Amino acid sequence: MGRAPQLEIPPGAEPIGFSEGQLSVPSHPIVLFIEGDGIGPDIWRATRTVIDGAVEAAYGGERRVGWAEIFAGEKAHDRFASWLPDATLEAIRTYLVGIKGPLTTPVGGGIRSLNVTLRQVLDLYTCIRPVRWIRGVPSPVHEPHKLDVVIYRENTEDVYAGIEFAAGSPEAEKLRSFLNNEMGTSIREYSGIGIKPLSEFATKRLVAKAIQSALDSGRASVTLVHKGNIMKFTEGAFRDWGYEIARERFSDTTITEEQLWSEYGGRRPDGVVVIKDRIADAMFQQVLLRPDEYDIIALPNLNGDYLSDAAAAQVGGLGMAPGANVGDEIAVFEATHGTAPKYAGQDKVNPGSLILSGVMLLEHLGWGEAATVIVRALERTFDQKTFTYDLARQMHGATTVSTSAFAERVVANLSA
């Protein structure tokens with residue numbers, strides 16, 4: 001076994017507190033970071049430079065982030081002989097807020113996915129993915145500005161629960177035999193078998209968080225996306241439980257889409273959130289054809305994975321897609337793309353996903369001024385046609401810069 005990682009707290013930094021459902025954020029809060037694997041160190045350096053510059057620009061030295069490194073992935077394995085040290089999990093439970101670069105998935109036995117493991121072990125049950133266009137970013141659609149949604153994806157259940165058995169294994173054969181003999185199914189021999197659990201508890205807490213977010217942010221609707229026409233007792237139940245929690249906890253501030261038209265003539269009352277639902281495959285068309293009809297979208301795990309990536313493609317791709325894994329107290333912000341190992345150490349790739357995840361982190365801390373400064377600086381940078389290679393190749397007359405040079409340009413634009 002390797003030695004245990006030691007957390008190095010910056011001088012003067014203080015823990016973030018949590019009481020009565022609210023964070024208590026000091027002026028020099030401890031925020032954890034995981035560099036990530038592959039391109040992770042490159043995009044993390046750029047992101048840290050931008051966040052620190054924005055906090056300085058917004059608050060003039062009165063606030064600053066106390067960064068403390070924790071370890072997961074290849075760096076943890078190389079140094080401490082563990083892909084995900086217990087000390088890392090304990091630090092996140094203690095300090096509540098962190099940000100991470102992309103992590104590799106170990107080959108072979110052990111942890112299937114470090115990202116999934118973090119979500120499940122820490123009960124980070126909501127994956128939040130805001131998807132909106134930033135002015136100047138090349139897009140494959142004509143009107144990318146019409147898409148401005150926040151995706152709330154359930155993080156702990158569905159097929160991502162990892163309950164599956166390999167074809168030909170004794171476990172798969174035992175389960176197949178039980179299902180065929182006792183439950184009347186007709187599963188073929190030599191089938192891999194997976195189980196898709198969706199619970200009332202997990203669904204209702206996710207949808208409640210989505211509705212509360214809509215109320216807090218003044219958004220007009222929450223749309224439940226499901227494949228309940230086919231999977232009636234899992235995804236169909238997700239839809240039903242979503243409507244139930246709206247009635248149980250938000251009866252004074254929500255109405256259904258049917259009520260919107262039958263009782264209000266299609267005119268939404270002020271301060272009320274409309275609860276809708278859409279079949280998953282139809283929703284893939286809707287985000288292309290009628291994106292401005294949707295605000296917050298709540299989905300089970302697999303649908304959320306697909307739809308968030310499809311939506312991100314309209315606003316610049318995964319390189320411009322931020323995300324966060326959030327529980328009742330803990331929040332870990334992350335780049336939503338992979339490790340891209342062939343570009344590791346080349347100072348080449350787009351840090352936009354992690355920078356925008358940093359924007360979400362600042363908003364989570366209540367430091368909205370610094371978050372706004374970053375978004376405006378990004379807009380100025382893109383208006384100057386300055387991009388990393390992935391976006392520059394889609395533009396005429398663009399200037400291609402490195403990861404670090406892009407961060408420097410954004411910092412230069414923070415106070416413009």
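Note that the numbering runs from 1 along the sequence shown for the chain. Source: prediction; values computed, not measured. Hydrogens, waters and symmetry mates are skipped; everything else that's a heavy atom, side chains included, is used.
The minimum heavy-atom distance linking V121 with R93 is given by the pair CG1-NH2, 3.5 Å. Taking each heavy atom of S191 and A172 in turn, the nearest pair found is O-CB, 4.0 Å. When all heavy atoms are compared, the tightest approach of A72 to L103 is O-CD2, 3.7 Å. Closest heavy-atom contact between V222 and A298: CG1-CB, 4.4 Å. Between T234 and M231, the shortest heavy-atom contact is OG1-CB, 3.3 Å. Closest approach of Q314 to V141, counting heavy atoms only: O-CG2, 3.8 Å.
The CD1 atom of I92 lies 5.0 Å from the CD1 atom of I34; values are rounded to the nearest 0.5 Å. In this structure, CD1 in I134 is found 6.5 Å from CD in E379, a value given to the nearest 0.5 Å. Note that CG of D281 is 12.0 Å distant from CE of M283, once rounded to the nearest 0.5 Å. Taken to the nearest 0.5 Å, the CD atom of Q286 stands 11.5 Å off from the CD1 atom of I279. Rounding to the nearest 0.5 Å gives a distance of 15.0 Å between CZ of R48 and CD1 of I43. Note that the CZ atom of F333 and the OG1 atom of T47 stand 13.5 Å from one another [nearest 0.5 Å].
Taking the charged nitrogens against the carboxylate oxygens, R219 and D148 do have a contact shorter than 4.0 Å, which makes a salt bridge. Taking 4.0 Å as the cut-off between side-chain N and carboxylate O, K174 and E171 do not count as a salt-bridged pair. Under a 4.0 Å N-O distance rule, the pair R119/E334 qualifies as a salt bridge. Using a 4.0 Å cut-off between a side-chain N of Lys or Arg and a carboxylate O of Asp or Glu, K227 and E235 do not qualify as a salt bridge. The existence of a salt bridge linking D309 and R129 is confirmed by a sub-4.0 Å separation between a basic side-chain nitrogen and an acidic carboxylate oxygen. Classification of K204 and E248 as a salt-bridged pair holds, one side-chain N sitting under 4.0 Å from a carboxylate O.
Other residues, nucleotides and ligands contribute at most 12 non-hydrogen atoms within 6.0 Å of the CZ atom of R409. Annotation: E189, atom CD; neighbour count of heavy atoms from other residues, nucleotides and ligands within 6.0 Å does not exceed 12. Other residues, nucleotides and ligands contribute over 12 non-hydrogen atoms within 6.0 Å of the CZ atom of R63. In the displayed structure, D86 atom CG is contacted under 6.0 Å by at most 12 heavy atoms of other residues, nucleotides or ligands. The number of heavy-atom neighbours closer than 6.0 Å to CZ of R132, taken from other residues, nucleotides and ligands shown, is 12 or below.
Between the side chain of T88 and the main chain of L84, no donor-acceptor pair closer than 3.5 Å is present. Put simply, the side chain of T336 never gets that close to the backbone of P322: no donor and acceptor are under 3.5 Å apart. Between the T185 side chain and the N180 main chain, a donor and an acceptor come within less than 3.5 Å of each other. The closest donor-acceptor contact from the side chain of D347 to the backbone of S404 lies under 3.5 Å. When atom types are taken as modelled, the side chain of S139 and the backbone of P144 share no donor-acceptor pair closer than 3.5 angstrom. Within the 3.5 Å criterion, the main-chain N or O of F165 finds no donor-acceptor partner in the side chain of S169.
Between V97 and P29, every side-chain heavy-atom pair lies at or beyond the 4.5 Å cut-off. A 4.5 Å side-chain heavy-atom check between R249 and I211 finds every atom pair outside the cut-off. Residues V31 and W67 meet the side-chain proximity criterion, which asks for heavy atoms closer than 4.5 Å. In this structure, T253 and V273 have side chains that are not in contact, with every pair of non-hydrogen atoms separated by 4.5 Å or more. Side-chain contact between T388 and P351 is present, with heavy atoms from C-beta onward closer than 4.5 Å. L365 is listed as a side-chain neighbour of I16, based on a closest heavy-atom distance under 4.5 Å. Between D78 and F71 the shortest side-chain heavy-atom distance does not fall below 4.5 Å. By the 4.5 Å heavy-atom criterion applied to side chains, F18 and D328 are not counted as neighbours.
The stretch residues 166-200 participates, sequence neighbours left out, in no ring pair (Phe, Tyr, Trp, His ring centres under 6.0 Å) pair at all. Sorted by first then second residue, the ring pair (Phe, Tyr, Trp, His ring centres under 6.0 Å) pairs that include residues 259-286, not counting sequence neighbours, number zero. Residue pairs that meet the side-chain hydrogen bond (donor to acceptor under 3.5 Å, both in side chains) test with at least one member in residues 350-370, sequence neighbours left out, are Y59-E369, N350-D390.
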Check your understanding: Under the side chain to side chain contact (heavy atoms under 4.5 Å, CB included) criterion, do F406 and I355 qualify, and how do the steps go?
Key -> CA-CA 11 Å; F406 179 82; I355 290 173; 4.2 Å; yes

Exercise for review: Apply salt bridge (charged side-chain N to carboxylate O under 4.0 Å, His left out) to E173 and R176, showing your working.
Suggested key: CA-CA 5 Å; E173 184 54 32; R176 186 184 76 88; 2.8 Å; yes

Exercise for review: Verify side chain to side chain donor-acceptor pair (under 3.5 Å) between E154 and T156, making sure each step is shown before the conclusion.
Suggested key: CA-CA 6 Å; E154 206 289 318; T156 64; 2.7 Å; yes

Exercise for review: May I have the step-by-step check of side chain to side chain contact (heavy atoms under 4.5 Å, CB included) for L206 and Y152, ending in yes or no?
Suggested key: CA-CA 7 Å; L206 171 87; Y152 277 67; 4.3 Å; yes

Check your understanding: Would T381 and N413 satisfy side chain to side chain donor-acceptor pair (under 3.5 Å), going step by step from the backbone distance to the final call?
Key -> CA-CA 7 Å; T381 303; N413 282 322; 2.9 Å; yes

**Study point:** Steps toward side chain to side chain contact (heavy atoms under 4.5 Å, CB included) verdict (Y306, L299)
**Key:** CA-CA 10 Å; Y306 292 156; L299 320 85; over 6 Å; no

Check your understanding: Is there a side chain to side chain contact (heavy atoms under 4.5 Å, CB included) between E157 and Y125 once you walk through the steps?
Key -> CA-CA 9 Å; E157 296 190 325; Y125 58 87; over 6 Å; no

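Relative ring orientation between F387 and F382 is described as parallel, the plane-to-plane angle staying below 30° on a 0-90° scale split at 30° and 60°. Classified by interplanar angle (parallel below 30°, tilted 30° to 60°, perpendicular above 60°), the ring pair Y389/Y343 is tilted.
Only one option out of R45, K75, K100 pairs with E35 in a side chain to side chain donor-acceptor pair (under 3.5 Å); it is K75.
Within the cation-pi definition used here (under 6.0 Å to the ring centroid, within 45° of the axis), R153 qualifies as a partner of Y160.
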